[in-house]
Amino acid sequence: MLTDDIFEGLSPPQQEAVKHSDGPLLIVAGPGSGKTRVMAHRVAYLVRHLHAKPWRILAVTFTNKAARELRERCESLVPELIDSFTAQVLPVRTFHSFCALVLRRKPEHAGLEPGFSIYDDDDQHRTMRRTLEDLEIDPKRFPPRSILSTISSAKNSMIGVEQFASTVETYGDEVVARVYEGYERALHTANAVDFDDLLLKVFQLLSSQQDVLEEYQNRYEYLLLDEFQDTNPLQFQIARLIAERHRNICVVGDPDQSIYSWRHADPANISEFQRLYPDATIVTLDQCYRSTQLILEAADSVIANNSERLEKHLWTENIRGEPVAIAEAYDENEEARLILDEIGKLDEEDIKRGEIAVMYRINAQSRAMETACNQRGVPYRLVGGLKFYQRKEVKDLICFLRLVNNPADDAALERIINVPPRGIGQRTVDELRRAARENGVPLLDVTMSLQGNGNEALTNGAAPYRVQLKTRAINAVSEFAGLMRLLIQQSMTLQPQQLMDLALERSGYLDSVKEDMERGEEKMENLQELLGSAEQFAIDNGAGPEYEPRELLSEFLENVALVSDVDTMDRDGDLGDAITLITLHQAKGLEFDAVFMIGLEEGLLPHSRSIEDLSQVEEERRLCYVGMTRARKRLYMLGAFQRNARRNFAGEPSRFLQEIPESAVTRQRIRGMRRGQRINEPAAIKRAAAVPAAHSAARPRAQYSPGDQVKHAHFGKGVVISSRDFRGDAEVTVAFDGQGVKRLMLNFAPLSKLVTAEEGEPPPRVEKIDPVLDIP
DNA sequence: GCGCTTTGATTTTTT
DNA sequence: ATCAAAGCGC
């Protein structure tokens, strides 16, 4: 019978998780323990046995890709989910896309207009810069990045502007509070939200409007939250609110794979869940179906070093497998070559290229790997890095559409008003913005209201906007306004891809791309791809005559804003021969036959920014653990003796390597290969010479000590007051002649030593220190 | 206003 | 080393 399929091949704990009927459920699922499978089977169980309506089950995953996978697996278990009447009724979404949907439905509930924009990093940054300008705050003293990150933490802790303002303690906080307010105002006039707002606004909506809350509470009978260890308090609160009525909330997670605390994820959510739902059933899935015994043993030994942790041991019935290969290369280039050599061997072991991944801590590490692949003609696919939708030409075109969809979108307007160049320079834009700000209206309003030759602007019948512009500028602006008018008008009938065609044509963008000798062709391809994806989107979403083109446009833009690169990763097929290059973070949830982790050095993994703080090091360890447990059959962990030759960055082998028991490791294979090949090459000689200087951590401190006389490129001569190691660098405090006292980071400061201090000479006294580099 | 050159800052991970 | 913003000449 069909229903028996649901339990077939499931282990007892898996069955328990699937069968659980009502009430809260916590599933602690180790890597490779069949988590997705359990979730899919659970959905099937709810639909088949408990007769839940599919559209009353809300499943929330971390990425769109995970959402798609889960949906597909559910559909293959419960085919009626895909029959024509109930198509796509199973809501599987990310938190962000769920919230976008809620807001899209009733924008006015959250103080938004229909067609509101979702600002990405770039737009946020731009908005922040403008806000600082308006408030006349020096961006050097208050860097946009760091303010944005403060605001982001606030939002994710459910702290709005008012509350933030009421809790300021320092002068700096007060400035940030003002900026926060200004930034929010800018978003509001632009009818835009940032990523965090999607969540925050929905939370505020649900907690303030009882009727809306009840609507969602009644609608969603069952809630499933994937990757629970990486949810943040705000997300959890949204889920909790919605689940309050039925209390059927099932969360799946693994505290050992919590790697997003920097994005405000809080693994304490797991204990919070237990506190909130003391009656919760807890199921632990600790059998690993993915990795070999040795890989698992190695990973388990590494993670066992974390102190803040629930003891948990994975086990497997898989074969013992090959030991984990550990090797040290001379530099990042050799590291890459070693991998490619080894990949050649894996070919013979029947491990497909598409089942091989190279994983690293930071995106910049992909470069050496890419170069090496190109040299040897090894195809690869790079996940992340420069994202498709972030590419200049793609984003330009998107911004035309965004402005059509939301005429208040100032960030979009600023981006494209002079693209391609049409004679609207900084001065003109500044003037338009001044007028817009004075009247509290979006930029496009001012832009559109310019009438012909005067220096006066008229609104649609209302009071005129006064602008001080020369005729030439007014004409240029009017031309742009005309273009936008046309596009907005046409958007009532045209589909997104047709609108894009029109925009490309009429804006002159197409011509400028054709004239671009350097990147024109590439740009053209990207634009074609974007047009193609718009077309595909229209087809997928059943764009028919009854479908409002504007609605389709909104949805397309929302989709564009919320997809990540991992999401689009599996357009496989023709890419089956390519190896995958991916960051450790992005690799979460994926698996490969063979995994090469690179950059296993102190300073990279664990990263230097994390190295001083125990709990941050533990997160780095979890990151390492995530990487290791992606491997099914083979795991390689490589490091380089020296990286980025110019910076002379020499990391010790990562501490995590030492945490792997010797019994699970082989150090022979790769090493021998390198020695044999390189012994007489210049690099090997250089290496020998470099050894004495290798312990770089100790180097800066040794170089500068109190009393030393130094010279700085800008500040001139001075005397060192103190020096200390700081985050892999050294912070040197220097009293400069006539320039005050400055703190300098040695890696950045153009500082040289003139005279070394006498032994025992007391350092000079200082009263006041002017920070040169604000350390966040 | 535009485009080229110079300077100055910048390196973690991303929905 | 690389990229963005500011500066400068046309």
Side-chain angles (χ1 to χ4, degrees), chain A residues 60-67 93-100 118-122 124-126 129 139-140 143-146 149 152 156 193-199 227 230-232 234-235 258-265 359-365 367 383-387 389-390 418 420-430 469-470 472-473 476 558 561-567 582-588 599 603-611 616 619-620 622-624 626-627 643-647 649 713-714 727-729 745 747-750 772-774 776:
Chain A
V60 182
T61 58
F62 197 67
T63 62
N64 295 296
K65 179 169 190 281
R93 297 191 153 253
T94 64
F95 264 108
H96 288 86
S97 82
F98 171 74
C99 290
I118 299 171
Y119 273 13
D120 68 8
D121 273 6
D122 219 48
Q124 285 185 52
H125 206 251
R126 178 179 245 109
R129 292 195 66 85
K140 296 221 168 88
R145 293 205 148 281
S146 81
S149 102
S152 176
N156 282 288
V193 294
D194 62 22
F195 279 126
D196 300 319
D197 283 339
L198 287 171
L199 306 174
E227 306 285 10
D230 285 325
T231 54
N232 66 39
L234 179 52
Q235 293 168 327
S258 159
I259 53 175
Y260 281 94
S261 71
W262 52 273
R263 231 178 68 191
H264 324 292
M359 301 181 184
Y360 36 83
R361 177 65 233 265
I362 62 173
N363 279 119
Q365 285 175 266
R367 179 149 278 180
V383 182
L386 31 134
K387 295 172 184 142
Y389 292 110
Q390 303 277 70
N418 200 29
R422 55 172 68 84
I424 304 174
Q426 200 55 57
R427 283 289 304 267
T428 309
V429 176
D430 283 348
L469 290 173
K470 301 235 170 74
R472 208 167 76 167
E558 174 184 313
L562 296 178
V563 292
S564 72
D565 269 24
V566 201
D567 301 332
I582 191 169
T583 66
L584 289 164
H585 281 89
Q586 294 182 112
K588 190 179 70 164
L604 250 189
L605 187 67
H607 194 271
S608 52
R609 300 265 154 126
S610 310
I611 224 154
Q616 288 191 55
E619 177 147 324
E620 299 283 310
R622 291 193 290 271
L623 198 49
C624 184
V626 166
R643 196 170 288 277
N644 292 344
R646 278 185 51 84
R647 286 263 196 96
F649 174 85
H714 302 297
R727 301 191 177 178
D729 193 354
M745 297 309 290
N747 273 348
F748 293 98
V772 166
L773 290 171
D774 285 341

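In what follows, every chain begins at residue 1, and chains take the letters A, B, ... in the order their sequences are listed. The structure presented is a predicted model; accordingly, all values stated were derived computationally and were not measured.
- At a threshold of 4.0 angstrom between heavy atoms, the contacts of A:Thr428 are confined to the sugar-phosphate backbone, with no base atom among them.
- Rounded to the nearest Å, the gap between the P atom of B:dT13 and that of C:dA4 is 15 Å.
- Across B:dT15, B:dT14, C:dT2, the shortest atom-to-atom separation from the side chain of A:Arg367 is found for C:dT2.
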Restricting to nitrogen or oxygen on both sides, can you table the protein-nucleotides 2-4 of chain B pairs closer than 3.5 Å?
from: B:dC2; atom 1: OP1; to: A:Gly423; atom 2: N; distance (Å): 2.9
from: B:dC2; atom 1: OP2; to: A:Asn418; atom 2: ND2; distance (Å): 3.2

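- As a whole-Å value, the separation of A:Arg145 CZ from B:dT13 P is 10 Å.
- Each of A:Ala473 and A:Leu623 lies near DNA chain B, and the nucleotide nearest A:Ala473 is the one positioned closer to the 5' end.
- A sub-4.0 Å separation between OP1 or OP2 of B:dT14 and a side-chain N or O of A:Asn363 is present.
- Comparing B:dT15, B:dT14, C:dA5 by their closest approach to the side chain of A:Arg129 singles out C:dA5.
- Computed from coordinates, the A:Gln235 CD to B:dT15 P distance equals 12 Å when rounded to whole Å.
- Residue whose closest nucleotide on DNA chain B sits further toward the 5' end, between A:Ile362 and A:Arg427: A:Arg427.
- Proximity note for A:Trp262 (side chain, C-beta onward) versus B:dG1, B:dT15, B:dT13: the nearest is B:dT13.
- Applying the 4.0 Å criterion to OP1 and OP2 of B:dT13, one finds that A:Gln586 has every side-chain N and O outside that range.
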